[in-house]
Amino acid sequence: MPRYLNVGAAQLGPIARDEQRATVVLRLIDLLQQGAAAGCDLVVFPELALTTFFPRWYLDEGDASNISGDTTELDSYYERSMPGPETQSLFDEAKRLGVGFSLGYAELTEPDNVGVVHRFNTTILVERDGTIVGRFRKVHIPGHEAHEPWRQFQHLERRYFEESNEGFPVFEAFDGVVGMATCNDRRWPETYRVMGLQGVELVMIGYNTPMFYAPDPTQNALAGFHNHLVMQAGAYQNGTWVVGVAKGGIEEGVESLAQSAIIAPSGQIVAQAVTIGDELITARCDLDWCKQYKETLFDFERYRRPEVYARITAQKGATAPGATKQDGVIS
Ligand code: CDV
């Protein structure tokens, strides 16, 4: 008996800088209801799905690692609780409909209550009964820390978010093994492999990818190609479904990639968004299809050679031959 999971990828169009959370949550609820009408078990929302993509602005409001008292514009983009007053209705509707979801948002947490806060680019996984069953904090944080006025727009994720040290956990949920990653994480093969080594069957990935890449504009025309390239490779090489969901369109004058896609363990795209706005695409995902890859070409237990992959975890940057040898790594 195949294990079918009906999955929706809920692409979002732009969210304006002054758009209220309540309005955004109504858009999410509308997509969730479309998912329910289409028979979805799970709806995947994008990265930072509750607000505009605020890292595009330098918000000069003091040290981002401390709460200074009043809520600044920067702080207004973060959630201090989940669900919170403005997101509770999404959880309630999910429970009422019996449809789970994953949701990306900016998390502000003060674990020890001593005034030191942490800021993560977080995604949560919510089961069909409305309970949170998984949390992922973005591992690979792209962009820059300092204001760089030469850019047409900023990408200050490295100023506004910490790198997570929690890695890539997977969760037994939705009758399968599922995991999450966020935007830039999708470009790194380690993301998929770490979850592949935990038997992942479905990876949910939200993204905000500007079409203009200031450090190397020759990559602009390839944004869509690279997006699908990495997710299709990650799916195939690990025998897993991948659901990539954009916040696309022109937001505050900056165009971001749409092209949300649901990708099978074969690496094939089985559903793709055709607009750059709010749009739900769906697919019936046979989780048992994963086995056809996990137990043949990508039978890790039989074919992997971890003893010759030591560099993957021993070393961070590339060292060309002739460069200084690192302890424990043989050139
Ligand atoms: N939100 C992101 O992580 N965006 C990056 C951009 C900066 C390249 C991405 O990898 O799509």
Side-chain angles (χ1 to χ4, degrees), residues 15 45-66 72-80 82 102-111 116-125 134-148 151-169 179-195 203-216 219 223 226-227 230-231 234 242 244-247 251 254 256-257 312-313 315-318:
I15 299 176
F45 292 114
E47 173 190 36
L48 300 176
L50 295 170
T51 66
T52 199
F53 190 75
F54 61 90
R56 77 167 60 90
W57 294 292
Y58 176 67
L59 301 167
D60 186 11
E61 298 180 79
D63 182 354
S65 67
N66 286 290
T72 60
E73 179 179 353
L74 178 63
D75 283 351
S76 75
Y77 293 120
Y78 294 80
E79 310 301 312
R80 288 175 169 73
M82 190 55 71
S102 65
L103 175 74
Y105 64 97
E107 176 192 7
L108 190 152
T109 177
E110 192 187 352
V116 179
V117 301
H118 298 276
R119 296 162 191 268
F120 295 105
N121 189 336
T122 297
T123 299
I124 46 158
L125 179 63
R135 182 190 72 199
F136 170 75
R137 290 169 169 165
K138 188 171 182 175
V139 169
H140 300 97
I141 307 289
H144 47 108
E145 292 85 358
H147 191 210
E148 296 187 359
R151 292 174 181 258
Q152 287 177 19
F153 54 89
Q154 303 295 296
H155 197 104
L156 285 158
E157 278 197 70
R158 291 187 70 80
R159 182 178 184 83
Y160 299 147
F161 296 114
E162 289 174 41
E163 294 172 331
S164 162
N165 289 325
E166 294 179 346
F168 298 95
M180 294 168 274
T182 304
C183 197
N184 192 259
D185 290 321
R186 78 193 188 287
R187 302 187 190 275
W188 300 90
E190 294 86 351
T191 295
Y192 306 91
R193 183 50 51 92
V194 169
M195 287 189 270
V203 179
M204 293 156 269
I205 305 175
Y207 59 90
N208 283 267
T209 296
M211 298 296 284
F212 186 80
Y213 184 61
D216 177 16
Q219 296 179 30
H226 288 157
N227 178 46
V230 291
M231 294 194 294
V242 170
V245 188
K247 173 136 75 64
E251 184 180 273
V254 175
S256 286
L257 180 69
I312 298 284
T313 54
Q315 185 176 327
K316 188 169 181 184

Spacing of I205 atom CD1 and N184 atom CG [to the nearest 0.5 Å]: 11.0 Å
Donor-acceptor under 3.5 Å (R158 side chain, I141 main chain): yes
Under 3.5 Å donor-acceptor, Y207 side chain and L257 backbone: no
Side chain to side chain donor-acceptor pair (under 3.5 Å) between E251 and S256, worked out: CA-CA 8 Å; E251 184 180 273; S256 286; over 6 Å; no
H144 side chain vs H155 backbone, donor-acceptor pair below 3.5 Å: yes
Short side-chain to backbone donor-acceptor contact, E166 and F168, under 3.5 Å: no
Heavy-atom closest contact (R135 atom, P169 atom, distance): O-CG, 4.0 Å
Verdict with supporting geometry, T109 and R137, side-chain contact (heavy atoms from CB on, under 4.5 Å): CA-CA 12 Å; T109 177; R137 290 169 169 165; 4.0 Å; yes
For the student: nearest non-hydrogen atoms of L48 and A106, plus distance: CD2-N, 3.5 Å
Steps toward side-chain contact (heavy atoms from CB on, under 4.5 Å) verdict (I124, M82): CA-CA 9 Å; I124 46 158; M82 190 55 71; 3.5 Å; yes
Main-chain N/O of E47 paired to N121 side chain as donor or acceptor, under 3.5 Å: no
Close side-chain approach of E79 to L50, heavy-atom, < 4.5 Å: yes
Shortest non-hydrogen contact between W57 and F53, atoms and distance: CZ3-O, 4.2 Å
Inter-residue atom distance L156.CG - Y58.OH, 0.5 Å rounding: 8.5 Å
Minimal non-hydrogen separation, M211 against A223, with atom names: SD-CB, 4.2 Å
D216 atom CG, over 12 foreign heavy atoms within 6.0 Å: yes
Separation of E157 CD from T182 OG1 (nearest 0.5 Å): 9.0 Å
Intermediate values then yes/no, ring-ring contact (aromatic ring centres under 6.0 Å, His included), F45 and Y105: CA-CA 10 Å; F45 292 114; Y105 64 97; over 10 Å; no
CZ on F120 to CD on E162, rounded to 0.5 Å: 4.0 Å
Distance, nearest 0.5 Å, that separates OH of Y192 from CZ of R186: 7.5 Å
Nearest heavy atoms of T191 and A181, plus distance in Å: CG2-CB, 3.6 Å
Lys/Arg N to Asp/Glu carboxylate O, D75 vs R119, below 4.0 Å: yes
Donor-acceptor contact below 3.5 Å, side chain D185 vs main chain H140: yes
Trace of the ring-ring contact (aromatic ring centres under 6.0 Å, His included) decision for H118 with Y78: CA-CA 11 Å; H118 298 276; Y78 294 80; over 10 Å; no
Heavy-atom pair with the smallest gap, counting every atom of I15 and T52: O-OG1, 2.8 Å
Geometric class of the Y77/F54 ring pair [parallel <30°, tilted 30-60°, perpendicular >60°]: parallel
P55 vs F161 side-chain heavy atoms within contact, under 4.5 Å: yes
Spatial distance of atom OG (S76) from atom CG (L108) [nearest 0.5 Å]: 11.0 Å
Stepwise side-chain contact (heavy atoms from CB on, under 4.5 Å) check, M231 with N227: CA-CA 7 Å; M231 294 194 294; N227 178 46; 3.4 Å; yes
